[in-house]
2 protein chains.
Amino acid sequence: MDNELSKYEKPSVTVDTVIFSIKENDLKVLLVKRSSSPFKDKWAIPGGFVKIDQSLEDAAKFKLEEKTGVKDVYLEQLYSFGSPKRDPRGRVITVTYFALINSDNVKLKGDDAKWFSITELPQVAFDHNTILDYALKRLKWKFEYTVVAFSLLPKKFTMTQVQDLYEIVFNQKFDKRNFRKKILSLNILEEQEVMRNVSFRPPQLYSLKANIGEIVNIL
Amino acid sequence: MDNELSKYEKPSVTVDTVIFSIKENDLKVLLVKRSSSPFKDKWAIPGGFVKIDQSLEDAAKFKLEEKTGVKDVYLEQLYSFGSPKRDPRGRVITVTYFALINSDNVKLKGDDAKWFSITELPQVAFDHNTILDYALKRLKWKFEYTVVAFSLLPKKFTMTQVQDLYEIVFNQKFDKRNFRKKILSLNILEEQEVMRNVSFRPPQLYSLKANIGEIVNIL
DNA sequence: ACAAAAGTGTTAAACATACACCCATGT
DNA sequence: ACATGGGTGTATGTTTAACACTTTTGT
């Protein structure tokens with residue numbers, strides 16, 4: 001390697017991805033158990049070193065697929081943490097991402113990974129509690145101002161599912177009529193068929209209109 | 001250095017800081033002329049390599065003070081860019097920051113740094129145009145939802161200065177009465193004395209109340 | 001008295017909130 | 001017929017948007 005780049009001692013760079021999903025009507029985060037020192041046997045956010053010719057986002061996607069088998073999820077960069085003492089092994093800067101997946105599609109690989117309710121997190125390695133706090137804040141923020149919520153739902157969903165999701169994330173009840181009015185007024189949903197074979201009034205199914213990306217300022 | 005960290009070839013890490021200020025009733029960005037290859041003589045966002053025992057934010061502050069002589073400014077992390085090919089010399093990941101300074105206090109050091117109007121940017125080195133676009137988007141966003149605007153103003157300011165600032169950043173006129181009502185209703189300003197020795201009706205001076213940090217959801 | 005910028009109030013429209021009952025289905 | 005969750009409308013308060021003239025000072 002040439003001149004200026006080799007003049008400085010280089011830090012290591014990792015990418016860690018906070019993976020959110022909804023399971024059992026609860027907001028969950030995927031954590032993996034560390035198999036080696038430091039923080040052996042503590043839980044940690046899945047992540048790994050960035051390969052020298054791999055983009056940051058590719059590193060995040062790679063880890064995500066390795067752990068969950070899922071591709072094509074909502075993925076966004078969160079923040080980079082680089083305090084010199086955050087890893088006892090040496091200087092490690094981590095670029096963090098957060099992912100939203102619909103856990104129906106997930107098959108966890110190996111038994112080192114586990115879903116934790118956001119309200120019952122274990123002690124975690126490194127500064128990963130800071131990262132989790134930050135990710136949760138960002139998640140709420142995104143729910144308020146964008147359409148990312150729908151990445152946590154199946155393709156077709158009922159209005160009640162949407163409302164349940166918002167109530168889980170904000171840990172707060174919303175008025176049913178007002179909630180529906182609000183969501184429908186955004187004009188981001190398409191009516192699908194009506195659900196069948198349920199022993200109560202069959203709900204309307206909706207899907208997110210194609211080409212609705214992230215769009216700020218809703219709700 | 002020990003085990004796992006040295007198993008991987010490490011990327012270089014830089015910190016680049018997009019420095020915004022208002023001069024001549026215009027939104028400006030500070031750029032520096034590169035003195036060496038690659039992109040010799042092209043303009044670039046001020047930045048440098050992260051020292052092995054320096055936090056990311058310290059690296060940003062250091063560069064900021066080196067170039068402008070200013071400390072204690074509004075500084076926030078923007079985004080990390082890490083595409084493998086962004087620097088022709090090798091793998092360089094950059095963590096970007098953006099800073100808002102009141103340029104009254106600034107003495108540019110050396111003649112390699114220059115303020116550019118955001119509307120008349122030169123060609124820039126590396127992927128710095130992407131970074132500038134991103135920074136400008138974030139700036140507007142922050143103006144809409146937080147109180148950062150006041151970091152670009154002197155301690156005491158008139159309502160007209162605040163409005164001018166918003167009009168510069170959004171490149172859009174606002175109604176004077178509604179604008180004042182809005183800002184005053186936020187309850188974030190304190191009345192100071194009235195300006196003197198002006199040949200027109202003397203304006204009220206305001207200052208930002210102490211302890212008003214960033215506070216989301218204004219305007 | 002004039003030039004320059006500061007300051008001020010009202011009305012209409014849009015949006016948000018609060019609130020309770022009937023509906024469609026399977027068993 | 002009953003249990004289950006789905007679906008709907010109206011009235012009130014709050015927020016935003018549109019709009020033009022008078023005030024204070026120095027020269």
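Just so we're on the same page: letters track the sequence lines, and every chain starts at 1.
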Where the side chain of [X] is concerned, which of [options] is the nearest nucleotide?
X: Pro203(B); options: dT8(C), dG6(D), dG7(C); answer: dG7(C)
X: Lys176(B); options: dT8(C), dT16(D), dG7(D); answer: dT8(C)
X: Asn197(A); options: dC19(C), dG26(C), dA16(C); answer: dG26(C)
X: Gln204(A); options: dG7(D), dA4(C), dA24(C); answer: dG7(D)
X: Arg201(A); options: dT24(D), dA16(C), dG5(D); answer: dG5(D)
X: Arg180(A); options: dG26(C), dC19(D), dG7(D); answer: dG7(D)

Take atom [atom1] of [X] and atom [atom2] of [N], then tell me their distance rounded to the nearest Å.
X: Met195(B); N: dT24(D); atom1: CE; atom2: C1'; value: 14 Å
X: Arg177(B); N: dA18(D); atom1: CZ; atom2: P; value: 12 Å
X: Phe179(A); N: dG9(D); atom1: CZ; atom2: C1'; value: 19 Å
X: Asp175(B); N: dT8(C); atom1: CG; atom2: C1'; value: 11 Å
X: Tyr206(B); N: dA6(C); atom1: OH; atom2: P; value: 11 Å
X: Phe174(B); N: dG7(C); atom1: CZ; atom2: C1'; value: 20 Å
X: Lys182(B); N: dA18(D); atom1: NZ; atom2: C1'; value: 16 Å
X: Ile183(B); N: dT16(D); atom1: CD1; atom2: C1'; value: 14 Å

Strictly below 4.0 Å, N to O, side chains only: are [X] and [Y] in salt-bridge contact?
X: Glu167(B); Y: Lys173(B); value: yes
X: Glu144(A); Y: Lys140(A); value: no
X: Arg34(B); Y: Asp112(B); value: no

task = Quick one: sort the Phe170(A) and Phe174(A) rings into parallel, tilted or perpendicular, breaks at 30° and 60°.
result = perpendicular
task = Mind telling me whether Phe150(B) and Phe157(B) have parallel, tilted or perpendicular rings, with 30° and 60° as the class edges?
result = tilted
Short side-chain N/O contact from Thr160(A) to OP1 or OP2 of dG6(D), under 4.0 Å = yes
ask   = So which one's nearest nucleotide on DNA chain C is more toward 5', Lys181(B) or Asn178(A)?
value = Lys181(B)
query = What is the nucleic acid contact for Thr158(A), judged by heavy atoms within less than 4.0 Å: base, sugar-phosphate only, or nothing?
reply = nothing
